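Small disclaimer: the values here were computed from a predicted structure and weren't measured. The chains referred to below are lettered A, B, ... by the order of the sequence lines, with proteins before strands, and numbering in each begins at 1.
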Amino acid sequence: MPELPDVEEFKKYVDSTSLHKTIEKAKVKDTQVLENISAKKLEKELEANKLESTYRQGKYLFVKLSSGKYLLMHFGMTGKLKYFKDQKQEPEHTRLLLSFKNGYYLAYDNQRKLGKLGVVVNIDEYVKNKNLGPDVLDPDFDFKKFKQSAKGKKSMIKSFLMNQKIMSGIGNIYSDEILFQAKIHPKTKVNSLEENQLKKLFKFIKDVMQRSIDSRADPDNLPDSFIITHREKGEKCPGCGGKINKTTVSGRSAYYCPNCQKN
DNA sequence: CCTATAGCCTGACGGC
DNA sequence: TGCCGTCAGGCTATAG
């Protein structure tokens, strides 16, 4: 699930439930999601701290601790958060469980274990080491930078949009939406795009992401004119009424309208 | 340098 | 009912 709008939703979730509460106990329930840290160390870094504030870049969430360090969360395909009081409500695949002094819990749940948890001292350094590109909603990420990054790229536009080293936040679902809105076929080569197509793409990157955040990352709240709500082979295209098609781009399934997205 | 592909994990679903 | 293949909103290491 978690692309930029979803992680933004998680950020707001932490903000509204868990900030400024003391962590009494931290329990790592699965070590496979840990990034360069032992369970014991992570628990120690968390216990007796408060969660002070949250930062998001792309699909990464950083939660500042009173120690000054950050708890790093990445959600992979199936990660989510849950704040609850009754222990019976603990999610099935909880990988990290924080118990606050007020009796509530915050669980990091991740069925497929493709996400990451860690401790980060310096966000900029972490981002640099990961080679993570600018967040697509960052105002500094402007058309000039977008165009520059597209220069000479031979890859297909869908994988380009999803490449977190170039720009961060867009995943499989929202890349389909952006391409649908811009009326560009997912397999189009980046270096074959005209200036006006790049302009359109850039506009819809920002638009689709912002609208999805405004819709609280819930596809049910998105307009019927979006392809996300019709993302299944054979479904009706909200643009022309034709049939949605499915193909594969760099190992991921891409849904598009062959009539509206000719190239 | 670049881009494309297999592999990591678990569970849900559909066909036989 | 049971088994098997396929697929899932991500990322990384490796191959070409």
Side-chain angles (χ1 to χ4, degrees), chain A residues 1-11 28-36 56-61 72-81 91-96 108-118 126-127 129-133 135-136 148-181 186-193 205 208-209 211-213 215-222 226-235 244 246-256:
Chain A
M1 188 211 257
E3 300 183 35
L4 185 152
D6 309 279
V7 180
E8 182 66 21
E9 198 58 29
F10 295 151
K11 171 176 155 47
V28 171
K29 302 200 146 197
D30 190 301
T31 55
Q32 225 161 336
V33 293
L34 301 185
E35 186 173 69
N36 302 322
R56 182 190 59 71
Q57 176 160 347
K59 304 173 191 173
Y60 291 82
L61 183 61
L72 155 80
M73 298 197 236
H74 187 277
F75 298 90
M77 300 267 261
T78 51
K80 50 180 180 286
L81 297 172
E92 195 180 349
H93 311 284
T94 299
R95 309 303 180 193
L96 173 66
Y108 168 89
D109 179 87
N110 198 334
Q111 186 217 119
R112 284 175 68 191
K113 303 185 189 175
L114 296 176
K116 285 290 168 215
L117 290 176
Y126 183 84
V127 163
N129 285 340
K130 283 264 175 206
N131 237 317
L132 195 61
D135 187 273
V136 294
Q148 182 60 32
S149 66
K151 208 173 170 183
K153 290 288 188 304
K154 294 174 192 160
S155 57
M156 292 182 273
I157 184 62
K158 183 175 166 74
S159 28
F160 175 75
L161 293 176
M162 290 197 293
N163 186 340
Q164 306 298 302
K165 293 184 169 63
I166 292 168
M167 61 192 117
S168 59
I170 303 172
N172 200 31
I173 290 280
Y174 289 105
S175 62
D176 278 357
E177 189 63 58
I178 291 161
L179 291 167
F180 176 72
Q181 302 280 335
K187 289 196 178 184
T188 307
K189 296 269 192 290
V190 175
N191 61 5
S192 75
L193 291 168
I205 287 171
V208 167
M209 286 298 154
R211 288 195 77 160
S212 303
I213 287 176
S215 303
R216 309 197 59 221
D218 184 351
D220 290 346
N221 295 336
L222 288 172
F226 274 44
I227 198 176
I228 287 182
T229 31
H230 310 269
R231 203 171 170 277
E232 200 165 330
K233 198 178 174 185
E235 272 271 304
I244 300 297
K246 181 187 178 181
T247 185
T248 301
V249 176
S250 46
R252 311 298 303 279
S253 49
Y255 293 83
Y256 68 103

Q: Identify, with sequence neighbours excluded, every residue that meets ring-ring contact (aromatic ring centres under 6.0 Å, His included) alongside A/Y108.
A: A/F75
Q) For A/H230, which residues count as a ring-ring contact (aromatic ring centres under 6.0 Å, His included) partner, sequence neighbours excluded? A) none
Q: For B/dT3 versus C/dG9, give the span between their P atoms, rounded off to a whole number of Å.
A: 23 Å
Q. What integer number of Å spans the P atoms of B/dC9 and C/dT14?
A. 15 Å
(Q) So if I define the base as every atom that isn't primed, P, OP1 or OP2, how would nucleotides 11-16 of chain C read as a B/S/- string at a heavy-atom cutoff under 4.0 Å? (A) SS----
Q.
My understanding is that only residues two or more places apart in sequence, or in another chain, count here; which of them pass salt bridge (charged side-chain N to carboxylate O under 4.0 Å, His left out) with A/K113?
A. A/D30
**Q.** Any A/S253 side-chain N or O less than 4.0 Å from OP1/OP2 of C/dA8
**A.** yes
Side-chain donor-acceptor distances from residues 249-256 of chain A under 3.5 Å, at least two apart:
from: A/Y256; atom 1: OH; to: A/N245; atom 2: ND2; distance (Å): 3.4

(Q) Checking A/Q164 now: which residues fulfil side chain to side chain donor-acceptor pair (under 3.5 Å) with it, not counting sequence neighbours? (A) none
Q: For A/Q111, enumerate each residue passing the side chain to side chain donor-acceptor pair (under 3.5 Å) test, keeping only those at least two apart in sequence or located in another chain.
A: none
Mind checking what makes side chain to side chain contact (heavy atoms under 4.5 Å, CB included) contact with [X], not counting sequence neighbours?
X	value
A/L114	A/M77, A/R112
A/K165	A/N131, A/N163
A/I173	A/E3, A/I228, A/R231

**Q.** Distance-only polar pair, side chains of A/K158 and A/S175, donor-acceptor under 3.5 Å
**A.** yes
Q) Counting a pair only when it is Watson-Crick or G-U and both distances are under 3.5 Å, which runs of at least 3 such pairs involve DNA chain B? A) B:2-8 with C:10-16, B:10-16 with C:2-8
(Q) Below 4.0 Å from chain A heavy atoms, what is the first contacting nucleotide of DNA chain B and what is the last? (A) B/dT3 to B/dG11
